[in-house]
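One structure, pasted below without further comment.
Computed from a predicted model, the values in this text were never measured in an experiment. Proteins come first, then strands; the chains are lettered A, B, ... in the order of their sequence lines, and each starts at number 1.
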Amino acid sequence: MSIIEITGVVKRYGSVDVLKHIDLSIASQEIVFLIGPSGSGKSTLLRCINALETVSEGDIVVDGLSVRGGKAEVRKIRLEAGMVFQQFNLFPHLTALENVMFGPLRVRGVSWRDAAEIAEALLIKVGLKERMRAYPSELSGGQQQRTAIARSLAVKPRLMLFDEPTSALDPELRFEVLQVMRQLAEEGMTMVIVTHEIRFARDVGSRLLFLDGGRIMHDGKPDQLLSDPPSERLRTFLQHVA
Amino acid sequence: MTFDWSAFFESFPGLLYGARVTLFVTLVSLPAGLLLGAMVGVILTYAPTPIASIAQVYVGLIRGTPMVVQIMFIFFGLPALMDVRLDGLTAGIVALVINSSAYLAEIVRGGLLAVPRGLQEAGLAMGLRFGQVIRYIVGPVAFRRMIPALGNQFVIGLKDSSLLIVIGVGELTRTGQEIMTDTYRAVEVWFAVAIIYLAMISLMASLLKSLEKHVRIA
Ligand SMILES: Nc1ncnc2c1ncn2[C@@H]1O[C@H](COP(=O)(O)OP(=O)(O)OP(=O)(O)O)[C@@H](O)[C@H]1O
Ligand SMILES: [Mg+2]
C-alpha cells in the first residue's frame, strides 16, 4: 500500500516545465532520498507533495487524499506530511517550546497542558531538554533545525518531507541533525529527503532517486546507484557533490 | 522684552486643562486608528485585487489631502451632505482616526510584506488556515518589527491633534491661543505650550521604547 502516489505530474512555470511527467509511488516506511543538480526540480517535487505548490497536470494522492481536492483536503494532507525546510523557518516570536506546542494547539486543538507535554517530550527526544525556553535567535543552527523537526513531529504526521535540512548548517552542526533523522528512520517514519549528504543517503536510505531536468532519471537502491552509477550523468553529479 | 515668569507659570493651569483634552483625543483616536489601519493594511496586502483597490483609493484620498481639509469636511461638510451633525470633539476624533488609519495601513502593509515568506509556508505546511497564519504568525512577527514606525506615527498623531483648533476643540493649542488673546504674552504662553507637548511626546516615546524592548525578537 503506497502512502504517496504520484501520477503524471507536470509542474509548469509560465512555459517552462520544471517537472516533466513524474510517476512515483512511495510505500509506508520507505526512506527515499532525492538527489540531483540544482534546478532539477527536487524542491518543487517535494513541495507539490504537501501542496505548497499546485500541480499543473496529473495528481498526487497522499494517504488517500488528493492535492487537487479542496482546501480542507489539502489541510489534511499537510497534517499527514510534516515538512522541514532548509532555512528552519521557526517562528521567531515564540520560544522553542512554544514553537513545538504551536501545531498541537492550533491545528490539532489539544489542550495547553497536553500540548506542553507533547512538546517537552519531543524536545527531549531531539536533545534540547536544556534549551526549551530559548528563542530561535538564541539557538545555534543545529538546535534550530532540531526544534523545527520537533515542531513538525508534534502534529503527528505519518510522513516527513525534508528539503535540504542540513544545507544551511556548518559541517560540525550537521551531524546532530542527521542523528535525529536517523533515529526517526529507525522508528519507521516514512521520509522523503532532498539532500546533498550522499553518505547519509547510502547509510539510511532504502531508495534513491536521481532527478535531472525535471525527470526521475534513476530509481533504485542507494548502495547500487552510488557505488556503480548507471549513467555518466549521475557519475559526474556524484563527483561534484562528493 | 523681558520674559515674564509669572505669566509663564500662570498659564499652566489653563494649558494643562487643554493638554487633558489633547491626551484624551489622542488616546481615543490612535488605538482606533491602529485597529482600522490594521484592517485596511491586511486588505491592502492580502485581499483580491478589486477589494484591495478600494482600500488603495481610501488610503490615496486621505494621504492626498491636507488633514485640515479633512477636519473641515467632517465638521462642516457632513451636516450639509447627509445631515450628520457631529460636535467638534467627535468630529475631531473621527478625523484623527481616519487620517491616522491611512498612514498606519501603509506601515502595516510594509510590515506584513517584510515577514520572511518561509514563516508563512511553515505555518501552512503544518496545516494552518491562511487566516490563522496571519493571525498567529505573520501578524505578531510583523507587529514587533513595526513598533518603531507605529510609534513615530503616534507622535505625529498627537501633534496633529493641534489641528482641531480649526473647529474650536479646546485642546492644548486652542487653549494656548485663548490664553494669549487674554494676556498678550505670546512668548511665555507658546513656550509653555511647547514644553507641555514636548513632555507628552517624551513620555510617549519612552513608553514605546520600553514596549519595544519588552517584545524584542531577532
Ligand atoms: N516560483 C517559481 N517561478 C518560476 N520558476 C521557478 C519557481 N520556483 C522554482 N522555479 C524553477 O524551477 C526549477 C526547479 O526548481 P527547484 O527549486 O525545484 O530546484 P532544486 O532541484 O530544488 O534546486 P536546488 O538544488 O538549487 O534547491 C528551477 O529552474 C527554478 O528556477
Ligand atoms: Mg531546492
Side-chain angles (χ1 to χ4, degrees), chain A residues 43 46-47 49-53 65 71-95 98-109 134-139 144-145 147-157 160-163 168, chain B residues 34-35 38 41-43 45-49 51 104 107-151 207-218:
Chain A
S43 298
L46 207 64
R47 294 161 57 82
I49 294 176
N50 70 352
L52 278 183
E53 302 284 351
L65 303 157
K71 278 186 188 170
E73 196 163 338
V74 163
R75 267 209 316 280
K76 277 191 203 155
I77 290 179
R78 290 173 178 163
L79 295 179
E80 301 278 298
M83 181 130 183
V84 174
F85 302 86
Q86 182 176 347
Q87 299 299 335
F88 327 137
N89 294 339
L90 289 177
F91 307 138
H93 60 306
L94 303 178
T95 63
E98 289 165 342
N99 263 278
V100 183
M101 286 173 65
F102 194 86
L105 274 178
R106 299 291 175 207
V107 302
R108 288 294 190 196
Y135 284 89
S137 60
E138 300 163 342
L139 296 172
Q144 288 188 57
Q145 192 60 298
T147 305
I149 293 173
R151 178 180 65 178
S152 285
L153 292 174
V155 184
K156 300 220 187 311
M160 290 283 285
L161 310 171
F162 293 85
D163 193 357
Chain B
L34 180 57
L35 205 68
V42 168
I43 291 172
T45 320
Y46 299 116
T49 317
I51 301 171
L104 291 165
I107 294 173
V108 168
R109 187 178 75 96
L112 292 171
L113 288 177
V115 174
R117 221 187 138 63
L119 293 188
Q120 184 176 317
E121 292 198 334
L124 291 176
M126 60 200 285
L128 291 173
R129 295 160 202 273
F130 186 73
Q132 291 178 304
V133 171
I134 302 310
R135 177 168 165 201
Y136 296 121
I137 302 167
V138 180
V141 171
F143 176 73
R144 284 161 166 78
R145 295 182 182 180
M146 280 185 305
I147 290 173
L150 294 177
L207 286 177
L208 284 159
K209 262 275 170 299
S210 62
L211 176 66
E212 204 176 317
K213 274 218 185 83
H214 189 68
V215 299
R216 188 174 195 154
I217 52 157

Contact origin within A:F102 toward chain B - heavy atom pairs under 4.5 Å =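 Both parts, heavy atoms under 4.5 Å.
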Please list every donor-acceptor pair under 3.5 Å in which a side-chain atom of residues 122-133 of chain B meets a protein atom from a residue at least two apart or in another chain.
residue: B:Q132; atom: OE1; partner: B:R129; partner atom: N; Å: 2.9
residue: B:Q132; atom: NE2; partner: A:R106; partner atom: O; Å: 3.4

Out of curiosity, A:R47 CZ to B:E121 CD, how far, rounded to the nearest 0.5 Å?
->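 CD of B:E121 is found 4.0 Å from CZ of A:R47.
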A:A81 versus chain B, the contacting section by heavy-atom distance below 4.5 Å =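 For A:A81, the contact with chain B is made by the backbone alone.
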If we only count heavy atoms from C-beta on, is the B:L119 to A:P92 side-chain gap below 4.5 Å?
->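 Yes, their side chains come closer than 4.5 Å.
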Return the minimal non-hydrogen interatomic distance between A:H93 and B:Y136, and the atom names on each side.
->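 Answer, listing the atom of A:H93 first, then B:Y136: NE2-O, 3.0 Å.
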Who are the side chain to side chain contact (heavy atoms under 4.5 Å, CB included) partners of A:L65, not counting sequence neighbours?
->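 A:L65: side chain to side chain contact (heavy atoms under 4.5 Å, CB included) contacts with A:E73, A:K76, A:I77, A:E80.
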Structural part of A:L161 lying under 4.5 Å from a heavy atom of chain B =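 Contact with chain B is absent: no heavy atom of A:L161 under 4.5 Å.
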